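Position 1 is the first residue of the sequence; numbering continues from there. Remember, it's 1-based here, ligands and their atoms both numbered in the order they're listed. These figures come from a predicted structure and were not determined experimentally.
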Amino acid sequence: MALLIKNVYVNGEKIDIAIDGKRISAVGKDIKGQFDEIIEADGLTALPAFIDMHTHLREPGYEYKEDIASGSAAAVAGGFSTVCCMPNTKPVTDNKYIVSYIVNRAKEVDLAKVYPIGAITVGLKGETMAEMGSMKEAGAIAMSDDGQPVSTAQMMRLALEYAKDYDLLLCSHCEEKSLINEGVVNEGENATRAGLKGIPSCAEDIMISRDIILAEMLNTKVHICHVSTASGAQLIREAKARGVKVSCETCPHYIAGTDELILGYDTDAKVNPPMRTEKDRQALLKAIADGTVDVIATDHAPHHYEDKDVDFSMAANGISGLESAFSLAYTYLVDSGIISLDKLSELMSKRPAELLKIECGKIEKGGLADITLVDLNKEYQIDSETFKSKGKNTPFDGWKVKGKIMKTLVEGKVKYSV
Ligand code: DOR
Ligand code: ZN
């Protein structure tokens with residue numbers, strides 16, 4: 001299949017992109033030739049399609065919240081060619097059979113590329129290490145107990161040693177449970193105002209410190225999931241400066257939102273770790289700009305309406321994030337002048353690909369044709385009712401943003417089109 005994308009902006013220049021099979025065969029002005037399909041992209045911008053290293057697809061077990069088909073549709077609608085799905089499924093993705101199941105089901109669905117992340121411990125219980133080697137063979141791309149911390153330092157030490165041997169990235173959900181103490185939102189003024197119990201920043205920071213210390217001692221890599229605190233970002237900045245192999249991600253909701261969003265008791269704003277203060281948000285913007293933050297990941301956590309339509313303290317944690325990730329990141333990072341579009345592309349495609357050792361889209365001759373076409377000038381309102389995801393749970397519903405996903409190509413095939 002040969003495809004031509006005409007008049008598309010790449011690095012500010014209007015060019016054509018010719019695609020043959022899954023690779024780009026030519027880039028330049030006025031490309032001529034025989035094509036099965038021509039996409040007139042006047043005014044749109046081409047970016048390497050995004051890679052989300054932190055997605056919850058919920059299948060197997062919680063298909064009423066999301067399944068591989070709906071989650072994959074949400075991914076390509078959000079401009080993602082690739083998602084890595086977390087193992088807090090039912091049963092937990094802690095063995096090769098479930099890893100294989102996810103790989104095969106995603107191939108049947110044939111929308112986004114889906115890479116399972118295997119559990120570090122059996123049942124996410126933190127007690128017995130899961131079989132990393134056989135999960136890797138079955139297609140697991142990384143290891144994580146996300147949703148739960150690896151509570152003991154001894155288990156984390158062992159897991160880091162095994163992950164090093166198997167050359168798998170270990171993604172750590174940093175939460176010191178003893179400090180949660182029934183907290184449901186960020187500890188601070190807004191929690192007090194709302195009369196809700198708080199989760200202190202140090203619950204996250206202590207675990208980030210522990211993991212940095214372990215990675216430093218073992219001279220191995222560790223990836224910190226969903227950093228939400230100013231102090232956590234500072235710990236990672238300092239560790240990187242002395243050569244520790246630590247990487248990290250933050251999410252669109254920590255870039256765009258703060259704990260003010262909980263003042264109306266909107267349970268869609270309940271997420272773990274919680275949205276923090278404006279000071280934290282500003283510090284994260286700085287950490288993104290100065291390279292402390294490696295990746296923007298969604299932590300796409302779809303939930304059923306009924307999981308959220310309960311008392312705040314009982315509501316499930318999580319935000320349906322795939323379909324608003326780019327526009328929130330573009331609006332709050334690029335349109336606001338904090339980073340360049342190129343840098344955002346690195347945070348959402350190149351860097352996650354490097355950490356996961358996979359190929360990302362590259363808009364040059366020979367590059368993989370994982371391409372997202374975006375309308376950078378398009379202002380629109382986020383409308384969760386239009387989400388392909390089963391999860392309509394977002395506190396950003398109705399927010400005005402800029403930058404709309406118009407088409408997503410995965411390995412040269414159009415998988416989403418407005
Ligand atoms: O808000 C969250 N939701 N944080 C997590 O760590 C897990 C996730 C989920 O699975 O719903
Ligand atoms: Zn998590």
| said: With no hydrogens and no angle check, just 3.5 Å: does a side-chain donor-acceptor pair link D294 and H223? | reply: no

| Are any of the heavy atoms in R58 under 4.0 Å away from ligand 1? | yes

| D307/K65 salt bridge by N-O under 4.0 Å criterion | yes

| Are a donor atom and an acceptor atom from the side chains of D299 and H56 found within less than 3.5 Å of each other? | yes

| With side chains defined as the heavy atoms from C-beta onward, is the minimum distance between K113 and D370 less than 4.5 Å? | yes

| task | Taking only heavy atoms of V271 into account, list the atoms of ligand 1 that are under 4.0 Å away from them. | result | 1 (O)

| message | Which of the numbered atoms in ligand 1 are under 4.0 angstrom from any heavy atom belonging to H303? | response | 11 (O)

| Distance-only, no hydrogens or angles: does the K96 side chain make a donor-acceptor pair with backbone N or O of E137 under 3.5 Å? | no

| Judged by non-hydrogen atoms, does M86 sit under 4.0 Å from ligand 1? | no

| said: Distance alone, cut at 3.5 Å: any donor-acceptor contact between the side chains of H54 and E249? | reply: yes

| said: Within the 4.0 Å heavy-atom shell around G147, which atoms of ligand 1 are there? | reply: 6 (O), 7 (C)

| said: Which residue and atom name correspond to the protein heavy atom nearest atom 6 (O) of ligand 1, and how close is it? | reply: H173 CE1, 3.1 Å

| query | Should D167 and K357 count as side-chain neighbours, where that means a heavy-atom distance under 4.5 Å? | reply | yes

| said: Only heavy atoms of A301, strictly under 4.0 Å: list the atoms of ligand 1 that pass. | reply: 3 (N), 8 (C), 9 (C), 11 (O)

| field | 2.8 Å shell around the Zn ion (ligand 2), exclusive bound, protein N/O/S atoms | value | 3

| query | Does any donor atom in the side chain of D342 or S340 lie under 3.5 Å from an acceptor atom in the other side chain? | reply | no

| Top protein contact for atom 3 (N) of ligand 1, by heavy-atom distance | N317 O, 3.1 Å

| request: Using the ring pair (Phe, Tyr, Trp, His ring centres under 6.0 Å) rule, collect all pairs that involve residues 246-305, keeping only residues at least two apart or in two chains. | output: Y64-H304

| Aromatic plane relationship, F326 with Y330 - under 30° parallel, 30 to 60° tilted, over 60° perpendicular | parallel

| query | atom 8 (C) of ligand 1: which protein heavy atom is closest, and how many Å away? | reply | H56 NE2, 3.7 Å

| request: From the options N88, N272, T89, select the one whose nearest heavy atom is closest to atom 4 (N) of ligand 1. | output: N272

| Salt bridge between E346 and R351, side-chain N to carboxylate O under 4.0 Å? | no

